[in-house]
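Heads up, the thing below is written out as structure tokens.
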Amino acid sequence: MHPAPSIIAFTTFSGLGLGLLFWLGVDPEAPTGWIGFAFFLIGYLLAGGGLMVSTLHLGRPERALKAFTQWRSSWLSREAWTACAALIVMGLYAALLVFFGVQVHVLGWLGALLCLATVFTTSMIYTQLKTVPRWHHWSTPVLFQLYALGGGALLSGRVITGLVLIGLAALAQAGWWLGGDQRLAASGTTIESATGLGHIGRVRAFEPPHTGSNYLLREMVFVVARKHAQKLRLIALGLMAVLPALLLLLPFGHWLAAVAVLAHVAGVLVSRWLFFAEAEHVVGLYYGKR
Amino acid sequence: MTCLPEQTTRSLGLVIDLDTCVGCHACVISCKGWNTENYGAPLSDQDPYGADPSGTFLNRVHSYEVQPDNAPAQLVHFPKSCLHCQDAPCVTVCPTGASYKRTEDGIVLVNESDCIGCGLCAWACPYGARELDLAEGVMKKCTLCVDRIYNENLPEEDRTPACVRTCPAGARHFGDLSDPDSDVSRLVAERGGMDLMPEQGTRPVNKYLPPRPRDSWQGEVDVLAPFLEPVAEEPRGLLAWIDKTLEKL
């Protein structure tokens, strides 16, 4: 799949922001006043900013509001609802905390739950696609939740919880990669089943339908730079888990924590790039590619 | 509404004969011609006369080489457009309700004024039947020429999809595949019509007729064939010397 920068930025930053808001929501003694304001501002900039960026890849962004109508069948529509509900409930919770110093725990828990639900709906947009076997697996939502919870914990200053969750995310990510490499073959979709010609013999794409490129190839048959995938996987794990762990286990300092968070974010961006760039859409088989 | 209908009254669709298709691409051109001038936004081209031309097409013809174990390779031309699936994954993923499957005839359509161009339906389609038009920013797909097949301003013989009407080989057939007595259903039954990627669970309405059996290396061999068997497996004389010399180089 084409690794569109807007979608990579959206899933990474909104996941982090929603993770941070989750921890602020379940915090028994959430920060109030200016400190609380700063925390919630970061959460909203990441989550809201990510959502805004996601509209950039639309062909007709001016009609984006229509995406709220089909929640019965569409995960993308459900994501729009959960995202708005999460931001509104957490906004109310944040306003009471920051401006009145009042913490309404029920509101915080509800908002936290909605934050996780938003990350879940985002992940289901990818997981539901049978056409991309690498994504079509229960482990995809687990991975997204661990990334959001781990990154959010780091951002909210929970060092031990954050490190444990990021460690789990790294393990889940490694397992997801190894399992994902087998999934296209396991799906049973081949150029033979795509063309229905397998009963005659081996099928080879002889000639594409056109001499130039097209939307399908640009959007769904992205194969460039996959040769560096293994190196990039190691870089991603190093940046998102190993480096933050080393930095945070050193005597704690704010600037070290900031570097740890930045390294983690960079690592998540690399892994999210791979999430798209490595994903094989079955339509590629019609073009003799994968 | 992007929930799929439980049942459609009819299932209009195409039957494509892979045995007959000659790969002339006339269906591609007539499709583009009709659908650029009629229903919905035109099918735009980007850089059509430049170095990197591309454009929106609702129908494309691939060509495949099939190599049987004991027979000559075959070339199969393979037109591909929307299969108007009964369990169309492109419809249910649509967040706006722009994509829908009609209850009356099973045609899968896009209401272009509701489409936000998110592209998720194109991701959900295993067949590559949907293309986002770059000029209009909305999703385009085969409409089964919904503006032809019911169009009483056209002579009756023209009330079929443009690709079917234009095919010079008669490789494309249009009809109601839910009616077991329709011409298309009988054709599918007789020729063993098949689904593309059945494992994807989309239950396509369009069917493909497989190529009929062809020549094989066994069986009917000419009576003179034994005399044409290679006489010398190993080169001798001058050829042997050339062979040896070349080996040494």
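These numbers come from the heavy atoms of this one structure, side chains and all, not from hydrogens, waters or symmetry mates. Everything numeric here is computed off the predicted structure, so don't read it as measured data. Here is the naming used below: chain letters follow the sequence lines, and residue numbers restart at 1 for every chain.
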Residue pair A:Val203, B:Glu65: steps toward the side chain to side chain contact (heavy atoms under 4.5 Å, CB included) verdict: CA-CA 6 Å; A:Val203 181; B:Glu65 178 199 79; over 6 Å; no
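- Put simply, of A:Gly212, A:Gly196, A:Pro208, the one with the most heavy-atom pairs under 4.5 Å next to chain B is A:Gly196.
- Interatomic distance, A:Ile200 CD1 to B:Asp69 CG, rounded to the nearest 0.5 Å: 12.5 Å.
- Nearest heavy-atom pair across A:His281 and B:Pro126 is CE1-CA, 4.2 Å.
- Here CD of A:Gln70 is found 7.5 Å from SG of B:Cys3. Values are rounded to the nearest 0.5 Å.
- With a 4.5 Å cut-off on non-hydrogen atoms, A:Leu56 does not touch chain B at all.
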Report the C-alpha separation of B:Trp123 and A:Glu219 in whole Å, then their side-chain angles, then the decisive distance to 0.1 Å, and conclude whether the side chain to side chain contact (heavy atoms under 4.5 Å, CB included) test is met. CA-CA 8 Å; B:Trp123 286 15; A:Glu219 184 76 6; 2.9 Å; yes
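- In this structure, the portion of A:Leu216 lying under 4.5 Å from any heavy atom of chain B is its side chain and not its backbone.
- Both the backbone and the side chain of A:His57 come within less than 4.5 Å of a heavy atom in chain B.
- Interface remark: B:Gln46 contributes no atoms to any contact with chain A (heavy atom separation under 4.5 Å).
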Take B:Glu199 and A:Ser193, measure what side-chain hydrogen bond (donor to acceptor under 3.5 Å, both in side chains) needs, and give me the verdict at the end. CA-CA 8 Å; B:Glu199 71 283 351; A:Ser193 79; 2.8 Å; yes
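- If you measure heavy-atom distances from A:Leu197 to chain B, the contacts under 4.5 Å come from both the backbone and the side chain.
- For the options A:Ile125, A:Thr69, A:Thr189, A:Leu129, heavy-atom pairs under 4.5 Å to chain B are most numerous at A:Thr189.
- For chain A, the option among B:Val93, B:Thr202, B:Asp133 with the highest count of heavy-atom pairs below 4.5 Å is B:Val93.
- Looking only at heavy-atom pairs under 4.5 Å with chain B, the residue among A:Arg204, A:Glu207, A:Glu62, A:Gln128 that has the most is A:Arg204.
- When side chains are defined from C-beta on, A:Ile191 counts as touching B:Tyr64, because their heavy atoms get closer than 4.5 Å.
- Counting heavy-atom pairs closer than 4.5 Å to chain B, the top-ranked of the candidates A:Glu79, A:Glu192, A:His199, A:Met1 is A:Met1.
- Residue contact with chain A, scored on non-hydrogen atoms closer than 4.5 Å, involves the backbone of B:Val61 exclusively.
- Only the side chain of B:Phe78 comes within contact range of chain A, with at least one heavy atom under 4.5 Å from a heavy atom of that chain.
- Put simply, CE on B:Met197 and NZ on A:Lys130 are 12.0 Å apart, with the number rounded to the nearest 0.5 Å.
- If you measure heavy-atom distances from B:Cys94 to chain A, the contacts under 4.5 Å come from the backbone alone.
- Here A:Tyr126 contributes atom OH and B:Leu120 contributes atom CG; the two are 8.5 Å apart, rounded to the nearest 0.5 Å.
- The greatest number of non-hydrogen atom pairs below 4.5 Å with chain A, out of B:Cys125, B:Pro79, B:Pro89, is found for B:Cys125.
- Top candidate by heavy-atom pairs under 4.5 Å with chain A, chosen from B:His77, B:Met139, B:Lys80, B:Arg130, is B:Lys80.
- Only the side chain of B:His25 comes within contact range of chain A, with heavy atoms under 4.5 Å apart.
- Between B:Cys118 and A:Leu76, the shortest heavy-atom distance links the atoms SG-CD2, 3.7 Å.
- Note: A:Ala67 leads A:Ala67, A:Ala64, A:Ser213, A:Ser77 in heavy-atom pairs under 4.5 Å with chain B.
- To the nearest 0.5 Å, atoms CZ (A:Arg202) and CD (B:Gln67) are separated by 5.5 Å.
- Of the atoms belonging to A:Leu65, not a single heavy atom falls under 4.5 Å from chain B.
- Interface residue A:Ser187: only backbone heavy atoms are found under 4.5 Å from chain B.
- Taking the ring centroids of A:Tyr287 and B:His62, they lie under the 6.0 Å cut-off.
- Within the model, atoms OH of A:Tyr215 and CG of B:Leu134 stand 8.5 Å from one another, a figure rounded to the nearest 0.5 Å.
- For A:Trp81, no part sits under 4.5 Å from any heavy atom of chain B, backbone or side chain.
- There is no contact between A:Arg78 and chain B, counting heavy-atom distances below 4.5 Å.
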Determine, step by step, whether B:Leu75 and A:Phe206 satisfy the side chain to side chain contact (heavy atoms under 4.5 Å, CB included) criterion, reporting the C-alpha distance in whole Å, the side-chain angles of both residues, the deciding distance to 0.1 Å, and the verdict. CA-CA 8 Å; B:Leu75 189 57; A:Phe206 181 76; 3.5 Å; yes
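- With B:Asp114 as the fixed residue, the side chain to side chain contact (heavy atoms under 4.5 Å, CB included) test singles out one of A:Arg63, A:Arg60, A:Lys66: A:Lys66.
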